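The next block holds one structure in the form of structure tokens; read it before the comments.
Worth saying up front: this structure is predicted, and the values here are computed from it rather than measured. Residue numbering restarts at 1 for every chain, and letters A, B, ... go by the order of the sequence lines.
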2 protein chains.
Amino acid sequence: MDARDEALDSAFMALADPVRRGIIARLSRGAATVNELAEPFDISKQAVSRHIQVLEQAQLVTRSRDAQRRPVHLNPARLEALTAWIDQYRLVREAQFRSLDAVLQTNAASRGTQEKEPS
Amino acid sequence: MDARDEALDSAFMALADPVRRGIIARLSRGAATVNELAEPFDISKQAVSRHIQVLEQAQLVTRSRDAQRRPVHLNPARLEALTAWIDQYRLVREAQFRSLDAVLQTNAASRGTQEKEPS
DNA sequence: CTTCTAATCAACTGATTTGTTTATCAACTA
DNA sequence: TAGTTGATAAACAAATCAGTTGATTAGAAG
């Protein structure tokens, strides 16, 4: 059992906010500063700064230094970790659905639709 | 700009909890009842019931009826929607990294490692 | 030194989340 | 009928989160 993974906790939580997802979307086109990232949103720069801290703690973004600026960079590796977790279960289920399809095709609806667990 | 998507809000939020991720993991091996899902956790069945409601509201799971039981089923389509969102940005960034690699190889480190923010 | 800019810290408020316990509902069973 | 089981609802406390405003650090530029 995984499910005791704080990295997944913080990463999924970080993406559960439209502002933070907007920041991710912006960063996919290149690094940006806090002021640049805050511009499209109707909240204070302090609020955006804390959103970025949330993303940074989740390791979805990293930060560098350029004089008094602190550009934010996307970290695709963490995003990949999330898709890996999801696919781990999504693909299993879909494989089972495909198997079910195969069984139904093989049996060719030979018996009456007896369903205890409906699909 | 998407980022105003409440379905993504609720889905990512739902996965930001180890109990709910454990439920997803269990359901990837087949449907289960609340009591079965609650068994591995050290919290009350009521708490698990509400976790399932969170997953249901996020449309990550569905429920059917079997007498007084209410089996919970995984909904792989929603999981796929999450990977689709993530990949939308992850792949862009990784493509840019590959392009950067190509540029670096072409230039063959001809100039000193000058890293500013290419704005 | 003084001022401006980029960014963060601190304190506070209101809303939301997570868990508990108690009580209730609905369907099966004896 | 009464009793049992599966599941939920309601009310509450503790913790956390998202936003605000105001003050503060650190570096750049005058």
Whichever of A/Val54 and B/Gln53 has its nearest DNA chain D nucleotide further upstream toward 5': B/Gln53
Any chance CD of B/Glu36 has more than 12 other-residue heavy atoms, nucleotides or ligands included, within less than 6.0 Å? yes
Main chain of B/Met13, side chain of B/Arg20: is a donor-acceptor contact present, judged purely on distance under 3.5 Å? yes
Touch class at under 4.0 angstrom, heavy-atom based, for A/Gln46 against every strand present: base
Position toward the 5' end of DNA chain D (nearest nucleotide), A/Met13 or A/Ala47: A/Met13
Starting the side chain at C-beta, find the nucleotide from C/dT18, C/dT8, D/dA7 nearest to B/Arg20. C/dT18
Under 4.0 Å between a Lys/Arg side-chain N and an Asp/Glu carboxylate O for B/Asp9 and A/Arg21? yes
Can you tell me whether the side chain of A/Arg50 and the base of D/dG19 have a donor-acceptor pair closer than 3.5 Å? yes
In whole angstrom, what separates A/Lys45's NZ from D/dA18's C1'? 19 Å
Rounded to whole angstroms, how far apart are CZ on B/Phe41 and C1' on C/dT20? 18 Å
Mind checking A/Arg65 for me? I need base, sugar-phosphate or nothing, with any heavy atom below 4.0 Å counting as a touch. nothing
When you measure from the side chain of B/Gln68, which nucleotide among C/dA27, C/dT8, C/dA6 comes out closest? C/dA27
In whole angstroms, how far is the P atom of D/dA7 from the CD1 atom of B/Ile23? 12 Å
Has B/Thr33 got a side-chain N or O lying under 4.0 Å from the OP1 or OP2 atom of D/dG6? no
Using OP1 and OP2 only, check whether a side-chain N or O of B/Arg69 sits under 4.0 Å from D/dT8. no
Closest to the side chain of A/Ser44, out of C/dA6, D/dT20, D/dA7, is D/dT20
Specify the separation, in whole Å, of atom CG of A/Asn35 and atom C1' of D/dA28. 15 Å
Starting at atom NE2 of A/His51, determine the distance to atom C1' of C/dT8, rounded to an integer number of angstrom. 15 Å
Is there a path from A/Ile24 to A/Phe41 through hydrophobic residues (I, L, V, M, F, W, Y) whose side chains come within less than 4.5 Å of each other? yes
How many Å lie between CG on A/Asp66 and C1' on D/dA28, as a whole number? 12 Å
CA sep, side-chain torsions, deciding dist, call: B/Trp85, A/Leu15, side chain to side chain contact (heavy atoms under 4.5 Å, CB included): CA-CA 10 Å; B/Trp85 186 91; A/Leu15 294 184; 4.2 Å; yes
Gap between atoms CG and C1', on B/Asp17 and C/dG19 respectively (whole Å): 11 Å
To the nearest Å, how far apart are B/Ile43 CD1 and D/dA14 P? 19 Å
